[in-house]
Asker: 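Have a look at the structure that comes next, please.
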Amino acid sequence: MIRGTYKVILLNSILIDQMIIDLRSDTITKPTPQMLEAMMNASVGDDVYGEDPTVKALEQKAAALFNKEAAMFCASGTMTNQIAIKCFTNPLEEVICDEGAHVYYYEGGGIAFNSAASTRTIKGNRGIFTPQHVLDNINKNDIHHPKTSLVVIENTANRGGGHCWELAEMQAIARTCKENNLFLHLDGARIFNAIIAKGYSTADVGNCFDGISICLSKGLGTPVGSVLLGTHSFIEKAKRIRKVMGGGWRQAGFLAAAGIYALDHHVNRLTEDHQRAKAIEECLQHCGFVKSILPVETNIVVFELIDTVTESVFIAKMKENGVLCSSPGKQQIRFVTHLDFTDEQMDVLLKKLKVIAC
Ligand SMILES: *Cc1c(COP(=O)(O)O)cnc(C)c1O
């Protein structure tokens with residue numbers, strides 16, 4: 001019965017995929033048949049009681065990868081980020097991050113709501129900032145100012161067009177945080193894209209941070225899930241916060257099995273997504289509607305339209321042609337490549353881009 005239901009879902013998704021090329025985000029992927037197989041064969045238990053063996057296996061695997069002591073599997077990257085911020089701050093304290101950071105720009109004001117903390121934003125270069133930026137934004141010890149307690153960096157930087165931090169840049173921020181008694185959290189929703197593009201190791205990344213959030217439901221292609229990593233005591237505290245947010249879950253092992261499968265099979269293939277994004281960039285360089293393109297490093301292509309074409313007109317035109325894209329800002333268009341974006345779709349997309357005149 002359950003297997004039958006999965007087949008129907010799979011058939012539907014194949015039919016839909018044939019009709020449209022969806023490049024709005026790398027979150028739109030559906031599990032592959034092999035991933036579904038892994039999910040259906042998972043051993044599960046009640047994770048609120050700490051009894052789901054597959055959740056435990058995913059958490060141990062992810063923690064070991066990044067050289068961290070412990071991990072916690074959650075429903076979303078927003079949840080892992082917000083829990084980390086809550087753990088690393090007290091009410092009335094302040095968080096430093098880039099002005100385009102997901103934790104600030106896309107999490108609904110969650111820092112103020114969940115942590116009663118304020119945010120100090122930095123104007124970085126495509127999401128990347130320096131130790132000097134951090135130093136310039138640490139408040140002095142004075143009751144007029146909130147106490148600065150946490151720095152958050154995002155790698156790859158989503159609003160920076162998938163821009164990657166260099167390992168040395170992350171290490172420099174880590175040193176500055178240590179010297180100034182600040183916690184450092186990584187929003188690593190797309191950290192595997194950075195790791196594949198830059199060639200540094202998961203352990204090198206892990207050693208820079210007190211807390212790390214990784215997403216399994218972006219480029220890695222699972223239907224749901226993010227993992228928070230850190231010390232035993234941090235994860236113990238994080239579990240209390242997850243519970244009070246209503247995020248304790250039961251037989252989550254079915255979803256954790258997808259995560260394990262993705263870590264084993266979908267990391268190295270991110271190169272393909274990066275190659276396809278690069279090919280889209282090359283094609284766009286010859287398109288009349290393009291004013292400029294953020295240099296492509298990973299699976300995100302962000303470009304600016306010429307003044308005479310608005311983003312809503314462009315998105316509508318692409319939709320008429322069976323291609324979905326999004327706009328991260330005024331005059332900007334974003335394409336994100338992913339596991340369900342095939343070479344056949346790529347050929348169709350490039351042909352359409354060449355003939356579209358806005
Ligand atoms: C997608 C994303 C998240 C988490 O998003 P959820 O939809 O809550 O899983 C966090 N940070 C960045 C940079 C993201 O792109």
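When a ligand or atom number is given, it counts from 1 through the structure's own listing order.
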Asker: Tell me if a side-chain donor or acceptor on Arg190 pairs with a main-chain N or O of Ile214 at a distance below 3.5 Å.
Answerer: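 Not at all, since once roles are kept as given, no pair shorter than 3.5 Å links the two residues.
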Asker: Please report the closest heavy-atom contact between Ile235 and Ala71, naming both atoms and the distance.
Answerer: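 Residues Ile235 and Ala71, closest heavy atoms: CG2-O, 3.6 Å.
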Asker: Run the salt-bridge test on Asp52 and Arg250 with the 4.0 Å N-O cut-off and return the result as yes or no.
Answerer: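 No, this pair does not count.
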Asker: Report the part of Thr27 (side chain from C-beta onward, or backbone N, CA, C, O) that has a heavy atom under 4.0 Å from ligand 1; answer both or neither where that applies.
Answerer: neither
Asker: Of the protein's non-hydrogen atoms, which lies at the shortest distance from atom 6 (P) of ligand 1, and what is that distance?
Answerer: Gly77 N, 3.6 Å
Asker: Between Glu166 and Lys198, is there a salt bridge with N-O shorter than 4.0 Å?
Answerer: yes
Asker: Under 4.0 Å from a heavy atom of Glu154: which atoms of ligand 1 are those, numbered in the order shown and with their elements?
Answerer: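 That gives atoms 13 (C) of ligand 1.
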Asker: Taking only heavy atoms of Arg190, which atoms of ligand 1 are found under 4.0 Å from at least one of them?
Answerer: 15 (O)
Asker: Got the closest protein heavy atom to atom 7 (O) of ligand 1, with its distance?
Answerer: Thr78 OG1, 4.5 Å
Asker: Charged N to carboxylate O under 4.0 angstrom, Lys61 versus Asp264?
Answerer: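 Looking at Lys61 and Asp264, the cut-off is met.
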Asker: Show, in sequence, the C-alpha distance, side-chain angles and deciding distance for Tyr261 and His266, and conclude whether the ring pair (Phe, Tyr, Trp, His ring centres under 6.0 Å) test is met.
Answerer: CA-CA 8 Å; Tyr261 183 87; His266 289 172; 5.5 Å; yes
Asker: Counting each atom of ligand 1 from 1 as listed, which ones have a heavy atom of Ser76 under 4.0 Å away?
Answerer: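 Result: 8 (O), 9 (O).
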Asker: Do Lys86 side-chain atoms and Asn114 backbone N/O form a donor-acceptor pair below 3.5 Å?
Answerer: yes
Asker: Could you list which atoms of ligand 1 come closer than 4.0 Å to a heavy atom of Asn158?
Answerer: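 Counting atoms of ligand 1 from 1, those under 4.0 Å from Asn158 are 15 (O).
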Asker: Of the protein's non-hydrogen atoms, which lies at the shortest distance from atom 3 (C) of ligand 1, and what is that distance?
Answerer: Lys218 NZ, 3.3 Å
Asker: Considering only the protein, which heavy-atom contact is closest to atom 11 (N) of ligand 1, and what is its distance?
Answerer: Asp187 OD2, 2.6 Å
